[in-house]
Amino acid sequence: MSAAGCCVRQMACCCGAAACALCCTCCPKIKQSTSTRIMYAFFFIGVTIVCAVMMSTSVAKLMEEHIPFYGDICEHLQAGENCEKLVGYSAVYRVCFGMACFFFILFILTINIKNSRGCRAFIHNGFWFIKFLLLIGMCAGAFFIPDQDTFLFAWRHIGAGFGFFFLIIQLMLLVEFAHKWNKNWTAGAQHNKLWNGALAIVILVLYTIALGALGLLIWLYTHPEHCLLNKILLGVNGGLCALLAIVSILPCVLKNHPQSGLLQSGVISCYVMYLTFSSFSNKPPEYILDEAGKNITVCVPSFTNGISQDERWVSVVGAVILLGCIIYSCLTSTTRSSCDALMGRYGPPEEEVARCCFCCGDGQDEQEERVEAKGGQMVAYDEEIKTVYSYAGFHFIFFLGTFYMMMTITNWFHYNHADIEKLFVGSWSPFWIKMASCWVCVALYLWTLLAPVCCSRGGYVV
């Protein structure tokens, strides 16, 4: 295809209703539903990077040292003597306010869209340059909100509420993932017994990881005479993992929930151990006096005392993992199969096609696709009959994800001393939030197992 054709397509994508695609003709075909979600993910990632830069004291110092007339520029922009209004947690709050408004407006505009042929669907799937300008304008306009103290106080508590709600959705998706995995491979075992062997191997690996992680945490984060809180929490979380394994194979549970098994409890146990490790990593260190009267650190791994210079790399890796989890939750939570599973509706096992990468595909009926190739990558318009995912739900999840990202980057309620380079360094707020996430995750999974038992005994149809 000619360069002119590709240029016309990109113009139609930026300022019209056409789907976005690459100019390279050798790229595989992409679906409109996929390209749209990728574009919104890029918007979210871009704003997240801006927020991370705003929270970095190193970047602020570099700007002050290398930008000529930095103080004069800040004064001209009325951003304070050293542009303090453009950095720090208050700036992140304002930028995230703009992005939250952006996704909330799109949520209102896309309610009850059935296919991609209407005007509102065109807004969702196209006009990317206009939406990009709108997003920038909203984020910039948030800096002109008056009465800063009242706004920051109210927005902080609103963000905490919605951010925790998003965290609950993440945990629900994990439970749904575990059930879907077991259901898919169990269905395959009805036709090929090798899937039973695969299930057994995976279960063994999962519980080996969980038990190994528990032992490692006991070794790293406890002390024979101290660290009472760590010992209690490790005992509680280890006991909860054992409880999950027992409840998942109870006869009364299997009778009402035949797809229950050790695979799901193994997945949840590994995640509980990960959250336990993550929360301990955020826990402020404890100090005691040694025999010489000097302060020594306890309840943390001894080898971490000499790697403080690597905290920045730890924060970068942790932030990448965190952003990946947020993007995954936003992109997968609104597909029709995930929505059905979150509400407890699963298809019959005979309709399952067992596969190793079972999470690929929504399990939806294929519908006719109009393929367009006016320059570069081919685009399949796969939603002209019905949408693959909920447009409104998609924007609402990104709306919630904005709050979760905002609260995480600003260290939740320890915002005054938040620094992106020390995002995963000791602080009580993230410690208790992650520890509470463990217990919420366990409670959600237990509810999926015990609710059918309770409802059936109460005479309700599940």
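Values reported hereafter were calculated over all heavy atoms of this structure, with side chains retained and with hydrogens, waters and symmetry mates removed.
Between Y274 and Y271, the ring-plane angle classifies as tilted under the 30° and 60° cut-offs. Relative ring orientation between F103 and F44 is described as tilted, the plane-to-plane angle lying within the 30° to 60° band.
Minimum interatomic distance between M273 and A213 (heavy atoms only, all atoms of both residues): CB-CB, 3.9 Å. Taking both residues in full, the closest heavy atoms of C241 and S269 are given as CB-OG, 3.5 Å, listed atom of the first, atom of the second, then distance. Nearest heavy atom pair, residue C438 against residue L275, reads SG-CB, 3.2 Å. Nearest heavy-atom pair, I168 versus L444, reported as atom, atom and distance to 0.1 Å: O-CD1, 4.1 Å. Across L254 and I249, no two heavy atoms sit closer than the pair CD1-O, 3.7 Å.
Aromatic rings from W128 and F42 are positioned such that their centres are separated by 6.0 Å or more. No close placement of the F102 and F398 rings is indicated, their centers lying 6.0 Å or farther apart. Aromatic ring centres of Y391 and F394: separated by at least 6.0 Å.
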**OP:** Show the numbers, then the answer: is there a ring pair (Phe, Tyr, Trp, His ring centres under 6.0 Å) between F165 and F162?
**Re:** CA-CA 5 Å; F165 184 44; F162 281 119; 7.4 Å; no
**OP:** Evaluate the criterion ring pair (Phe, Tyr, Trp, His ring centres under 6.0 Å) for residue pair H395 and F399; output intermediate values, then yes/no.
**Re:** CA-CA 6 Å; H395 291 297; F399 169 75; over 10 Å; no
Subject >> Criterion side chain to side chain contact (heavy atoms under 4.5 Å, CB included) on Y40 and L106, from CA distance to verdict >> reply: CA-CA 11 Å; Y40 282 114; L106 288 173; 3.7 Å; yes
Original post:
What do the steps show when you test M405 against T48 for side chain to side chain contact (heavy atoms under 4.5 Å, CB included), and what is the final call?
Top reply: CA-CA 7 Å; M405 180 270 293; T48 301; 3.7 Å; yes
**OP:** Decide yes or no on side chain to side chain contact (heavy atoms under 4.5 Å, CB included) for C441 and I268, but give the supporting numbers first.
**Re:** CA-CA 8 Å; C441 184; I268 303 301; 3.9 Å; yes
Subject >> Intermediate values then yes/no, side chain to side chain contact (heavy atoms under 4.5 Å, CB included), V272 and L240 >> reply: CA-CA 9 Å; V272 167; L240 288 175; 5.9 Å; no
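Side-chain contact between M406 and C51 is absent, with no heavy-atom pair separated by less than 4.5 Å. K434 places none of its side-chain heavy atoms less than 4.5 Å from the side chain of F280. Residues I105 and M138 form a side-chain contact, since some pair of their non-hydrogen atoms from C-beta on lies under 4.5 Å apart. Counting heavy atoms from C-beta outward, I433 and L167 have side chains that approach closer than 4.5 Å. Using a 4.5 Å heavy-atom cutoff, the side chains of T110 and R120 are not in contact. Residues I232 and L228 form a side-chain contact, since some pair of their non-hydrogen atoms from C-beta on lies under 4.5 Å apart. At least one side-chain heavy atom of V95 sits less than 4.5 Å from a side-chain heavy atom of M54. The shortest side-chain heavy-atom distance between C139 and L135 falls under the 4.5 Å cut-off.
A side-chain donor-acceptor contact under 3.5 Å links K131 to the backbone of H124. In this structure, S248 contributes its side chain and A245 its backbone to a donor-acceptor pair below 3.5 Å. In this structure, R94 contributes its side chain and L152 its backbone to no donor-acceptor pair below 3.5 Å.
In this structure, R37 is positioned above the aromatic face of Y389, its NZ or CZ under 6.0 Å from the six-membered ring centre and within 45° of the axis.
Counting heavy-atom neighbours within 6.0 Å of F277 CZ, excluding the residue itself, gives a total of 12 or less.
In the model, N230 has no side-chain atom that pairs as donor or acceptor with a side-chain atom of T222 under 3.5 Å. Judged by distance alone, the side chains of K231 and Y221 never bring a donor and an acceptor atom under 3.5 Å apart. A donor-acceptor contact closer than 3.5 angstrom links the side chains of S265 and Y207.
When each of F104, F166, F97, W155 is checked for a ring pair (Phe, Tyr, Trp, His ring centres under 6.0 Å) with F403, only W155 meets the rule.
Here L206 contributes atom CG and L211 contributes atom CG; the two are 11.0 Å apart, rounded to the nearest 0.5 Å. One finds the CH2 atom of W181 at 8.5 Å from the CG atom of L199 (value rounded to the nearest 0.5 Å). Atom CG of L204 and atom CG of L262 lie 11.0 Å apart (nearest 0.5 Å). Note that OG1 of T150 is 11.5 Å distant from CD1 of I145, once rounded to the nearest 0.5 Å. We find the CG-CG distance between L250 and N256 to be 11.5 Å, quoted to the nearest 0.5 Å. Residue T410 holds its OG1 atom at 8.5 Å from CZ of R156, rounded to the nearest 0.5 Å.
When the side chain to side chain donor-acceptor pair (under 3.5 Å) test is applied to N237, the partners found at least two apart in sequence or on another chain are T276, W439.
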